2 protein chains.
Amino acid sequence: MQLAERVQTVAETLTPAERKLVKEIISKPRDVALGTALELARKMGVHQATAGRLARKLGFETYSDFRDAIRDEFIVKTDPALRVRKTLEISRGQSILDLLIQQEVEALSRLTAYIDESRLNDAAKTISECRRIFIFARGNAETLAVLMDRRLRRMAFETVVISGDSRDIAEQILTMGRQDALILFAFRRQPDAYIPLMEHVRKVGARSIVISGAVGPSLSPQGDHLLSAPRAGKTDAFQTLTVPMAICNGLILSIAQFDEKRSLIQLETLGELIASFDRR
Amino acid sequence: MQLAERVQTVAETLTPAERKLVKEIISKPRDVALGTALELARKMGVHQATAGRLARKLGFETYSDFRDAIRDEFIVKTDPALRVRKTLEISRGQSILDLLIQQEVEALSRLTAYIDESRLNDAAKTISECRRIFIFARGNAETLAVLMDRRLRRMAFETVVISGDSRDIAEQILTMGRQDALILFAFRRQPDAYIPLMEHVRKVGARSIVISGAVGPSLSPQGDHLLSAPRAGKTDAFQTLTVPMAICNGLILSIAQFDEKRSLIQLETLGELIASFDRR
DNA sequence: TTGATTCTGCAATACATATTGCATCCATTA
DNA sequence: TAATGGATGCAATATGTATTGCAGAATCAA
């Protein structure tokens with residue numbers, strides 16, 4: 001029986017402390033497989049005894065048995081070369097998920113070739129200095145508009161998600177001023193509203209940030225900041241929002257960094273910044 | 001220093017018993033990495049103490065240190081995710097974007113350890129057989145609700161995105177019947193509406209698909225299909241939707257596959273399927 | 001609020017694993 | 001063959017790790 005199944009069978013009876021442990025065990029089984037009950041417990045801030053009791057609850061005689069099971073399931077015992085070959089065989093033959101992930105990983109790995117830190121920071125700085133953020137997206141990109149809207153609001157920005165047809169759009173951007181910014185998403189092709197929108201932004205003296213895919217550089221007129229990188233998969237085929245979402249997340253973290261600096265809180269490392277963000 | 005080098009430096013001074021041990025260590029380092037000194041010694045017919053002394057001879061303080069080294073060299077390295085991280089660490093600095101991408105790639109690489117093809121297909125089959133799809137998400141996951149809603153609608157499914165408070169929810173699910181399905185997103189913690197929703201689904205004989213993160217297995221009551229895999233980043237820190245979005249995309253492609261089969265169009269490869277999907 | 005119940009940490013104990021001093025064995029050499 | 005010195009196993013000790021009884025804390029229901 002797999003670990004996840006075992007957890008499911010006892011899911012209803014898990015206590016808060018046990019839940020903490022389970023979360024860690026599920027997300028980092030390798031660490032658990034090589035560590036001790038004490039290490040796991042200390043890491044999650046509960047007592048060693050609780051870890052032992054959880055093992056029993058999951059249906060194992062002892063904690064050691066539990067660890068052995070994790071090892072069986074998550075530690076590669078076979079020859080690595082053989083394993084790689086197997087994986088490739090699978091992905092070449094059948095698995096949708098493997099194919100998808102392979103493409104996503106490749107595309108993500110290429111991202112930093114297109115967007116470097118300073119570019120991201122410039123855009124983040126611009127946004128953090130603005131009063132109001134307008135967000136425009138059409139098609140699948142609306143997903144990202146929802147994401148940015150939520151994240152920005154949580155950081156106490158005032159946002160306006162632009163929706164509807166050209167008349168609606170015109171009404172919504174009427175109040176845009178020089179202290180505002182527009183975040184615009186464009187993939188595949190230039191949205192119909194693109195030119196009038198960008199011209200309006202320029203006219204009122206606002207700033208624009210364009211987040212895009214491969215078409216990014218060929219958009220015209222250009223915005224103040226262009227954050228574009230090609231997406232996973234072939235053009236004109238199934239393309240995902242993973243790469244632009246990574247750009248969005250990077251942007252959010254970068255903005256958070258400026259916010260921290262603004263409030264004179266110095267953080268030692270980026271790791272701390274990331275850890276401090278979004279905590280509940 | 002690698003194990004092989006260490007052995008070479010002391011090769012001249014190895015005793016017969018030690019030679020036996022070294023042979024085993026070299027040929028089955030993974031077994032040694034997970035076992036005890038006693039196990040190794042007994043297997044090769046020498047005394048436990050000899051194993052301990054060999055460890056010291058190889059330049060380690062204790063047998064545990066020796067085993068840790070073996071683990072580093074032969075177990076941790078075989079984890080594809082960690083290997084990627086090491087590569088990225090070496091080739092680049094520690095910018096926000098690098099850190100983010102590194103985490104995303106790691107998490108994505110691990111995805112297939114948690115969700116296999118059959119699990120995905122089962123869920124896809126269930127959905128493709130349903131008349132109407134209800135979608136429930138709260139917090140950041142609403143982003144994914146928007147994604148799924150758009151994709152499913154394009155595939156001519158009738159969808160209902162559940163919104164609002166408990167009263168609204170109750171009204172919206174009133175018409176749910178046995179031909180319907182609920183896709184529910186849950187991260188961090190179980191949503192308040194989770195239990196009543198799932199109970200209603202069960203009562204009316206509908207199906208449920210839960211897409212989740214590390215908490216997935218500990219949700220209760222459980223749905224008919226659980227698609228869960230840990231997300232990138234540390235628990236309780238900045239966590240992204242990349243992994244669950246990959247699950248969604250995989251699900252969509254899988255559903256598309258069933259649709260193709262239903263309409264008697266046979267595709268030679270999945271690559272073609274993916275290329276054919278979502279083309280405009 | 002009270003009482004019952006469950007959860008959880010503490011600390012003592014039990015168990016597993018590693019280290020070390022000592023005795024013996026074996027091979028080598030004179 | 002006897003002497004020597006390293007190699008090895010034995011067993012006691014030390015260290016690390018897991019389990020368990022107990023009591024205080026938290027939770028829930030009445």
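Every chain is numbered from 1, with letters handed out A, B, ... down the list of sequences. Owing to the predicted nature of the structure, the values given are computational and were not obtained by experimental measurement.
Legend: side chain to side chain donor-acceptor pair (under 3.5 Å) pairs involving residues 44-54 of chain A, not counting sequence neighbours: none detected. Annotation: side chain to side chain donor-acceptor pair (under 3.5 Å) contacts involving residues 173-185 of chain B, sequence neighbours excluded, comprise Arg132(B)-Thr175(B), Arg132(B)-Asp180(B).
The side-chain hydrogen bond (donor to acceptor under 3.5 Å, both in side chains) check on Ser208(B) picks up nothing, with sequence neighbours excluded. Under the side-chain hydrogen bond (donor to acceptor under 3.5 Å, both in side chains) criterion, Thr143(A) pairs with no residue at all, not counting sequence neighbours. Residues satisfying the salt bridge (Lys or Arg N to Asp or Glu O under 4.0 Å) test with Arg202(B), not counting sequence neighbours, are none. For Asn121(B), the side-chain hydrogen bond (donor to acceptor under 3.5 Å, both in side chains) criterion is met by Ser254(B), not counting sequence neighbours. Partners of Lys57(A) by salt bridge (Lys or Arg N to Asp or Glu O under 4.0 Å), not counting sequence neighbours, listed by chain and number: Glu18(A). Contacts of His200(B) classified as side-chain hydrogen bond (donor to acceptor under 3.5 Å, both in side chains), with partners at least two apart in sequence or in another chain: none.
Residues Met245(B) and Leu147(B) are in side-chain contact: their nearest non-hydrogen atoms beyond the backbone lie under 4.5 Å apart. Put simply, the side chain of Ile25(A) does not reach to within 4.5 Å of the side chain of Val7(A), judged on heavy atoms.
In terms of modelled atom types and a separation under 3.5 Å, the side chain of Arg138(B) and the main chain of Pro191(B) share no donor-acceptor contact. Listed for the Arg71(B) side chain is no donor-acceptor partner under 3.5 Å among the backbone atoms of Leu34(B). Arg231(B) places no side-chain N or O within donor-acceptor distance of the main-chain N or O of Ala107(B), the cut-off being under 3.5 Å.
Near DNA chain C, meaning a heavy atom under 4.0 Å from it, residues 55-63 of chain A has no residue at all. Using a 4.0 Å cut-off on heavy atoms, the residues of residues 35-48 of chain B that approach DNA chain D are Gly45(B), Val46(B), His47(B), listed by number.
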Report each atom pair, protein N/O against N/O of nucleotides 21-26 of chain C, whose distance is under 3.5 angstrom.
residue, atom, partner, partner atom, Å
dG21(C), O6, Arg53(B), NH2, 3.0

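Ranked by how close their nearest DNA chain C nucleotide is to the 5' end, Gly52(B) and Ala17(A) are led by Ala17(A).
One interatomic measurement links the two molecules: CZ of Phe66(B) to P of dA18(C), which rounds to 11 Å at whole-angstrom precision.
Along DNA chain D, the stretch of nucleotides lying under 4.0 Å from any heavy atom of chain B spans, 5' to 3', dA7(D) to dA11(D).
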